[in-house]
Amino acid sequence: MGSGQLSSAPLPRSFFDRPSHEVAPDLLGRVLVHGSVAVRLTEVEAYGGPGEDPAAHTYRGKTPRNAVMFGPPGHIYVYFTYGMHFCANLVCLPEGSGSAVLLRAGEVVEGVAEARARRSSGRPVPDRDLARGPARLTVALGLLREHNGLDAVLDGSPAGRPHQSATVLAGRPADPATIRSGPRTGVSTAKETPWRFWIDGDPTVSPYRAHVPRRRNAAATSVGEAPKS
């Protein structure tokens, strides 16, 4: 791709061993590689720990579903939401803390054909839309339930690691002057917390949508909110 982003060094575990709202803006411009597909991150959201952030999965403590968020920093937390989509997060803070950053959008910079094949539903998908939104990003990267807990920090040789390894590369960090922040998308609690971060003007950033309560009717009932991380 000519940018040198894939030849950059992997980020160390210490990068993620910080509060999620500090890690999140620093992830912009970094590159997440999974298999043969690489995505340059352009939009993320930070989520805090137990008892701290009511929009986070860990707000009420550790459960089998969110256990990865309480593990070592730099691992990938994958969850299923609304019975339809997988979303991916990168765990932050020391083991036991329960904090992470949701990966909301990015630019596919390697493996475009494979990402497009995963995202195709019989109609062409514009390049900017391949990973524009958390579910699309996860599909483009090929991340599924079985990748929950995957280590995205490359410590030494990759020998012996799972076949579908993941790594976060340093890439080219976003210019701080281009980084914007605002309320997180679609959350009904702590909805004014400005922990959504994005690269201003980047075409792959997803549109902001405020939370809209689901209405009950005869045909369907509300499933409630699925926290973002």
Begin with the C-alpha distance, continue with both residues' side-chain angles, and end with the deciding distance and a verdict on side chain to side chain contact (heavy atoms under 4.5 Å, CB included) for Leu11 and Val153.
CA-CA 7 Å; Leu11 292 176; Val153 174; over 6 Å; no

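Counting heavy atoms from C-beta on, the side chains of Lys191 and Pro183 never come closer than 4.5 Å. Taking the side chain as every heavy atom from C-beta outward, Leu27 and Leu90 approach each other to under 4.5 Å. With contacts defined as side-chain heavy-atom distances shorter than 4.5 Å, the pair Val168/Val31 does not qualify. By the 4.5 Å heavy-atom criterion applied to side chains, Leu102 and Tyr79 are counted as neighbours. Looking at heavy atoms from C-beta onward, Thr167 lies out of side-chain contact with His34 at the 4.5 angstrom threshold. Looking at heavy atoms from C-beta onward, Leu143 lies out of side-chain contact with Phe86 at the 4.5 angstrom threshold. Using a 4.5 Å heavy-atom cutoff, the side chains of His21 and Thr193 are not in contact. Using a 4.5 Å heavy-atom cutoff, the side chains of Ser99 and Ser20 are in contact.
Between the side chain of Arg30 and the main chain of Ala170, a donor-acceptor pair closer than 3.5 Å is present. Listed for the Ser14 side chain is no donor-acceptor partner under 3.5 Å among the backbone atoms of Asp17. Side-chain atoms of Asp53 do not come within 3.5 Å of backbone N or O of Tyr59 as any donor-acceptor pair. Formation of a donor-acceptor pair under 3.5 Å by the Arg196 side chain with backbone atoms of Arg104 is not found in this model. In this structure, the side chain of Arg180 engages the main chain of Ala177 through a donor-acceptor pair within 3.5 Å. With Asn148 contributing its side chain and Val78 its backbone, the two residues share a donor-acceptor pair below 3.5 Å. Panel note: side chain Ser8, backbone Gly171; a donor-acceptor pair is recorded below 3.5 Å.
Across every non-hydrogen atom of Ile76 and Ala152, the tightest pair is CG1-CB, 4.0 Å. Nearest heavy-atom pair across Val39 and Val108 is CG2-CG2, 4.1 Å. Ala56 approaches Gly48 most closely through the heavy-atom pair CB-O, 3.4 Å. For the pair Val37 and Leu141, the tightest heavy-atom approach, listed with the atom from each and the gap, is O-CD2, 3.7 Å. The shortest heavy-atom contact between His75 and Pro72 is ND1-O, 3.2 Å. Closest approach of Lys62 to Ala67, counting heavy atoms only: CE-CB, 4.0 Å.
Remark: Leu137 CG to Arg119 CZ distance equals 10.0 Å, nearest 0.5 Å. The distance from the CD atom of Glu43 to the CD1 atom of Ile179 is 13.0 Å, given to the nearest 0.5 Å. One finds the CZ atom of Phe15 at 11.0 Å from the CD atom of Glu22 (value rounded to the nearest 0.5 Å). Asn89 CG to Thr138 OG1: the interatomic distance, rounded to the nearest 0.5 Å, is 8.5 Å. Distance check: His85 NE2 to Phe80 CZ gives 8.5 Å after rounding to the nearest 0.5 Å. The structure places CD of Glu45 at 10.0 Å from SG of Cys87, a figure rounded to the nearest 0.5 Å.
No continuous path of hydrophobic side-chain contacts links Leu32 to Trp198 [ILVMFWY only; heavy atoms under 4.5 Å]. With hydrophobic clusters built from ILVMFWY side chains whose heavy atoms lie under 4.5 angstrom apart, Val205 does not share a cluster with Val109.
Using a 3.5 Å distance cut-off with no hydrogens or angles, the side chains of Arg128 and Thr204 do not pair a donor with an acceptor. A donor atom on one side chain and an acceptor atom on the other are not found under 3.5 Å apart for Tyr47 and His57.
Within the cation-pi definition used here (under 6.0 Å to the ring centroid, within 45° of the axis), Arg13 does not qualify as a partner of Phe16.
Residues satisfying the salt bridge (charged side-chain N to carboxylate O under 4.0 Å, His left out) criterion with Arg40, sequence neighbours excluded, are Glu107, Asp202. For Ala24, the side-chain contact (heavy atoms from CB on, under 4.5 Å) test picks out Val44, Ala46, Val101, Phe197, with sequence neighbours left out.
The pair Asp26-Arg18 counts as a salt bridge, with a side-chain nitrogen and a carboxylate oxygen less than 4.0 angstrom apart.
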